[in-house]
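The figures here come from the full heavy-atom set of this structure, side chains too, leaving out hydrogens, waters and symmetry mates.
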Amino acid sequence: MCEPLSRHTMVTPSAAAWAALMARHPELAEHAIVEGWVRDGRPLVVRRQSCSDSAGAIPLGLPLPPSHGKRRIAVTLEAREIIEREPPPLLADAAATAPPAWRETIDRLLRLCPQTRTFGSLAWQHLTGLRYLTASSDLDLIWPLYSAQQASTLPADIANIARNAPIRLDGEITCPVGDVQWRELMCEDTDEILVKRLNGVHGMTKAAFLSGAVS
């Protein structure tokens with residue numbers, strides 16, 4: 001049995017599964033970019049479950065580029081219909097797609113954590129070749145936690161880089177217990193944070209989340 005897919009995992013369904021999905025949803029198949037998405041070698045992304053999703057199905061998203069209205073399409077597929085699965089791209093791999101003005105910030109982020117991954121506009125432009133980045137785009141990132149020492153310093157280190165960045169650094173710090181917006185870990189007004197998991201959002205203390213890096 002395959003392990004459950006985590007949020008932000010990039011997946012590719014079989015051509016037959018995508019064709020069947022388009023047949024079930026002719027309103028989506030009317031859009032050439034959507035109908036040909038999988039045929040053109042473009043992935044989908046695992047998202048959080050919603051109350052309207054079928055029980056046991058994998059919740060997936062397909063965010064269209066700004067030229068197609070930035071529409072976010074939500075679909076579900078069965079696990080057997082997924083033929084490939086990959087984590088979101090490494091920031092190091094997607095860096096060449098980023099605007100030149102982002103280069104210094106990206107270099108600093110990679111020195112801080114070479115395993116940093118990216119999602120959002122930069123990731124989708126890198127993966128699809130379509131234009132997602134705009135002048136108002138954020139840099140969306142995922143920082144993995146591996147140790148107690150890293151957990152104690154990573155949020156502040158990100159904040160130091162963010163202060164001088166030419167773009168907004170958005171994203172999540174992730175460990176086995178779930179994912180948290182990095183800015184929440186810097187908030188001194190409360191010890192409670194919201195932890196995102198595939199099945200929803202859960203409250204937790206900062207200490208409990210950070211301890212998950214080594215649990």
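Of all heavy-atom pairs between Tyr132 and Thr128, the closest is CE1-OG1, 3.5 Å. Considering all non-hydrogen atoms of both residues, Leu133 and Ser121 come closest at CD2-CB, 3.7 Å. Shortest non-hydrogen contact noted between Pro26 and Ala23 is CD-O, 3.6 Å. Residues Val177 and Val195 approach most closely at O-CG1, 3.6 Å, considering heavy atoms. When all heavy atoms of Pro89 and Leu127 are compared, the pair lying nearest together is CD-CD1, 4.0 Å. In terms of heavy-atom proximity, Pro65 sits nearest to Ile33 at CD-CD1, 4.1 Å.
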**Study point:** Residue pair His202, Leu194: steps toward the side chain to side chain contact (heavy atoms under 4.5 Å, CB included) verdict
**Key:** CA-CA 6 Å; His202 307 267; Leu194 295 177; over 6 Å; no
Point to revise | Evaluation steps, side chain to side chain contact (heavy atoms under 4.5 Å, CB included), between Leu21 and Trp18 | key: CA-CA 5 Å; Leu21 181 68; Trp18 192 248; 3.4 Å; yes
Point to revise | Worked check of side chain to side chain contact (heavy atoms under 4.5 Å, CB included) between Leu139 and Ile106 | key: CA-CA 9 Å; Leu139 179 53; Ile106 289 175; 4.1 Å; yes
Check your understanding: Could you walk me through whether Gln181 and Lys196 pass the side chain to side chain contact (heavy atoms under 4.5 Å, CB included) check?
Key -> CA-CA 9 Å; Gln181 286 285 333; Lys196 297 178 183 178; 3.6 Å; yes
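Within the model, atoms CZ of Arg111 and CG of Asp157 stand 12.5 Å from one another, a figure rounded to the nearest 0.5 Å. Atoms CZ and CG, from Arg42 and Leu62 in turn, are 9.5 Å apart once rounded to the nearest 0.5 Å. To the nearest 0.5 Å, atoms CD1 (Ile167) and OG (Ser136) are separated by 12.5 Å. Note that OG1 of Thr118 is 9.0 Å distant from NE2 of His126, once rounded to the nearest 0.5 Å. The distance from atom CZ of Arg183 to atom CG of Leu169, rounded to the nearest 0.5 Å, is 6.5 Å. In this structure, the separation between CG on Leu154 and CG on Leu185 is 8.5 Å, given to the nearest 0.5 Å.
Hydrophobic clustering of Ile, Leu, Val, Met, Phe, Trp and Tyr side chains at less than 4.5 Å, counting indirect connections, keeps Ile83 apart from Leu5. In the hydrophobic clustering of this structure, Leu90 does not group with Leu141; members are Ile, Leu, Val, Met, Phe, Trp, Tyr whose side-chain heavy atoms approach within less than 4.5 Å, directly or through other members. In the hydrophobic clustering of this structure, Leu112 groups with Val180; members are Ile, Leu, Val, Met, Phe, Trp, Tyr whose side-chain heavy atoms approach within less than 4.5 Å, directly or through other members. By the criterion of side-chain heavy atoms lying less than 4.5 angstrom apart, applied directly or through intervening Ile, Leu, Val, Met, Phe, Trp or Tyr residues, Val201 is not grouped with Ile193; the two fall into different hydrophobic clusters. No continuous path of ILVMFWY side-chain contacts below 4.5 Å connects Phe209 to Ile142, so the two sit in separate hydrophobic clusters.
A salt bridge links Arg7 with Glu172; the closest basic N to acidic carboxylate O contact falls under 4.0 Å.
The side-chain heavy atoms of Met22 and Leu28, taken from C-beta on, include a pair separated by under 4.5 Å. Using a 4.5 Å heavy-atom cutoff, the side chains of Asp179 and Ile173 are not in contact. A 4.5 Å side-chain heavy-atom check between Glu192 and Thr205 finds at least one atom pair inside the cut-off. By the 4.5 Å heavy-atom criterion applied to side chains, Ser137 and Leu122 are not counted as neighbours. Between Val11 and Thr9, some side-chain heavy-atom pair lies under the 4.5 Å cut-off. You'll find the side chain of Leu64 reaches within 4.5 Å of the side chain of Ile73, heavy atoms only.
With sequence neighbours left out, the ring pair (Phe, Tyr, Trp, His ring centres under 6.0 Å) criterion links His8 to Phe119.
The backbone N or O of Leu60 sits less than 3.5 Å from a side-chain atom of Arg47, completing a donor-acceptor pair. The backbone N or O of Pro43 sits nowhere less than 3.5 Å from a side-chain atom of Glu86 that would complete a donor-acceptor pair.
Heavy-atom contacts from other residues, nucleotides or ligands closer than 6.0 Å to CZ of Arg131 number 12 or fewer.
Taking the six-membered ring where tryptophan is involved, the planes of Trp182 and Trp143 are perpendicular, since the angle between them exceeds 60° and thus also 30°.
Legend: side chain to side chain donor-acceptor pair (under 3.5 Å) pairs involving residues 68-84, not counting sequence neighbours: none detected.
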Less than 3.5 Å apart, which donor and acceptor atoms pair up between the side chains of residues 97-105 and the rest of the protein, not counting sequence neighbours?
from: Arg103; atom 1: NE; to: Asp107; atom 2: OD1; distance (Å): 3.0
from: Arg103; atom 1: NH2; to: Asp107; atom 2: OD1; distance (Å): 2.7

